[in-house]
Amino acid sequence: MQHSVPDPRELLEIAVRVARPAAQTAARMRAEGVAVAATKSTATDVVTAADRAVERQVVEALRVLRPDDAVLGEEYGDGGVDTARVRWILDPIDGTVNYLYGIDYYAVSLAAEVDGEVVAGVVRDAARGDEWTATRGGGAFRAGRRLTGSTETDLGRALVATGFGYDRDRRAHQGRVLAGMISHVRDIRRTGSAALDLCRVAEGVMDAYYEKGLAAWDLAAGGLVAQEAGLLVSGLNGAPAGPDLVIAAPPALYRPLHDRLADLDAAGGP
Ligand code: IPD
């Protein structure tokens, strides 16, 4: 059965309504103490009880508000009707390693996709309560201010954020790419949360971002925020942003960053 498709603004309202208490749960559980509950792809890819609790809270809230939708979550995977036109994409805690170590830099990331396209998203910094939102075609915002990205035009003066996967061989490749990048930029930042990196770049607090190996839940909400702030968000050579590579940069930095990453075979390797 086909369901009518809601306005992205309505989906964003729901996303925000659900993400805020979820972020409070993450922060409260952090204050109560955190331990590794399990490991995933590798021994360093951890999941805490809070990742699971936050995901359950979001899924339950969405089930009440939007019972016919599907939900893809980092911890429990794909659930819901496969004919659903609306699918929610959730990272309950992006920045899990920061969370584990008590570094206050982690976020709840929740996006709504309609017919396979992300149309609304919110990233909520759970420790500080900062929040970035976007709707497709409607712009990106933080605290009522429209985001437009950095005005830097020279890659050599750009502060570039990136991240690394959990797999050893992938990291070795990412390390080689980094070695070829660091002398061509002002500096590199590895903050530990891809969703927050994308929002910070959307805001112009950092100039650009790239990373190989992002999952849909790392990218969905932050990627829309970056795009709606006017950044170019893609993979290499016209490919869409995805697991092979995500580049997010203002138009003036995009081409030199893209070409450097292409020379370094950033989308290659394991
Ligand atoms: C990770 C973070 C990190 C990025 C990794 C992601 P998680 O997500 O976003 O910054 O470099 O690629 O897997 O595991 O904290 O949800």
Side-chain angles (χ1 to χ4, degrees), residues 19 22-23 25-27 29-30 34-56 58 72-77 89-111 121-127 132 159-175 177-178 181 188-202 205-206 208-226 233 235 241-248 261 266-267 269-270:
T25 299
M29 290 185 77
R30 173 60 244 180
V34 175
V36 173
T39 56
K40 296 186 286 183
S41 59
T42 70
T44 51
D45 184 6
V46 297
V47 53
T48 69
D51 290 272
R52 290 172 170 170
V54 172
E55 183 156 327
R56 270 195 302 268
V58 170
L72 170 68
E74 177 171 15
E75 308 310 335
Y76 295 105
I89 304 177
L90 167 69
D91 193 340
I93 299 180
D94 185 58
T96 304
V97 175
N98 287 343
Y99 189 76
L100 181 65
Y101 279 76
I103 298 169
D104 279 347
Y105 206 72
Y106 54 91
V108 174
S109 168
L110 182 60
V122 58
V123 175
R124 176 125 184 145
D125 177 328
W132 295 262
L159 185 60
V160 177
T162 190
F164 310 111
Y166 292 107
D167 174 78
R168 210 182 244 256
D169 295 333
R170 171 162 299 167
R171 284 188 164 200
H173 180 71
Q174 288 172 318
V177 173
L178 182 69
M181 180 62 74
I188 293 285
R189 289 292 177 271
R190 195 291 192 256
T191 71
S193 165
L196 289 173
D197 283 346
L198 286 158
C199 292
R200 291 299 191 180
V201 170
V205 167
M206 298 189 286
Y209 166 80
Y210 75 90
E211 184 167 347
K212 178 185 169 71
L214 287 196
W217 43 80
D218 300 313
L219 172 64
L224 182 65
V225 170
V233 180
D244 283 346
L245 194 67
V246 176
I247 307 170
L261 289 165

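When a ligand or atom number is given, it counts from 1 through the structure's own listing order.
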Any donor-acceptor N/O pair, Asp94 side chain to Ala195 backbone, under 3.5 Å = yes
task = Could you point out which residue of Leu198, Val160, Thr191, Leu159 forms a side-chain contact (heavy atoms from CB on, under 4.5 Å) with Tyr209?
result = Leu198
ask   = Can you list the atoms of ligand 1 that are under 4.0 Å from a heavy atom of Arg190?
value = 3 (C), 4 (C), 10 (O), 11 (O)
Donor-acceptor contact below 3.5 Å, side chain Tyr99 vs main chain Ala26 = yes
ask   = If you draw a 6.0 Å radius around CZ in Arg190, do more than 12 non-hydrogen atoms from other residues or ligands fall strictly inside?
value = yes
request  = Decide side chain to side chain contact (heavy atoms under 4.5 Å, CB included) for Leu90 and Val108; before the verdict, give the C-alpha distance in whole Å, the side-chain angles of both, and the deciding distance to 0.1 Å.
outcome  = CA-CA 8 Å; Leu90 167 69; Val108 174; 4.3 Å; yes
key: Polar atom proximity, Gly192 to ligand 1 (N or O, under 3.5 Å)   = yes
task = Can you sort out which atoms of ligand 1 are near Glu211, meaning under 4.0 Å from one of its heavy atoms?
result = 4 (C), 5 (C), 11 (O), 12 (O)
query = Does the side chain to side chain contact (heavy atoms under 4.5 Å, CB included) test come out yes or no for Ile89 and Trp217, once each step is laid out?
reply = CA-CA 6 Å; Ile89 304 177; Trp217 43 80; 4.1 Å; yes
ask   = Between the side chains of Ser193 and Asn98, does any donor sit under 3.5 Å from an acceptor?
value = no
query = Which atoms of ligand 1 have any heavy atom of Asp91 under 4.0 Å away?
reply = 16 (O)
ask   = Taking non-hydrogen atoms only, is Ala194 closer than 4.0 angstrom to ligand 1 via side chain, backbone, both or neither?
value = both
Side-chain (Gln174) to main-chain (Gly165) donor-acceptor, under 3.5 angstrom = yes
task = Please state which part of Asp218 comes within less than 4.0 Å of ligand 1, counting heavy atoms only: side chain, backbone, both or neither.
result = side chain
task = Taking only heavy atoms of Thr96 into account, list the atoms of ligand 1 that are under 4.0 Å away from them.
result = 7 (P), 15 (O), 16 (O)
inquiry  = Strictly distance-based, threshold 3.5 Å: is any side-chain N or O of Arg30 a donor or acceptor partner for the main-chain N or O of Leu100?
reply    = yes
request  = Compute the shortest N/O to N/O distance between Asp197 and ligand 1 and return yes if it is under 3.5 Å, no if not.
outcome  = no
query = Any idea which atoms of ligand 1 are less than 4.0 Å away from a heavy-atom of Phe164?
reply = 5 (C), 11 (O), 12 (O)
message = Which of the numbered atoms in ligand 1 are under 4.0 angstrom from any heavy atom belonging to Glu74?
response = 14 (O), 16 (O)
remark   = In ligand 1, the atoms that come under 4.0 Å of a heavy atom of Ser193 are 9 (O), 10 (O)
query = Between Tyr166 and ligand 1, which residue portion shows a heavy-atom distance shorter than 4.0 Å: side chain, backbone, both, or neither?
reply = side chain
query = Does Val123 offer a backbone N or O that forms a donor-acceptor pair with the side chain of Ser109 under 3.5 Å?
reply = no
query = Do any N/O atoms on Gly95 end up under 3.5 angstrom from N/O atoms on ligand 1?
reply = yes
query = Considering only heavy atoms, does Ile93 approach ligand 1 within less than 4.0 Å through its side chain, its backbone, both, or neither?
reply = backbone
inquiry  = Within ligand 1, which atoms have a heavy atom of Gly163 less than 4.0 Å away?
reply    = 11 (O)
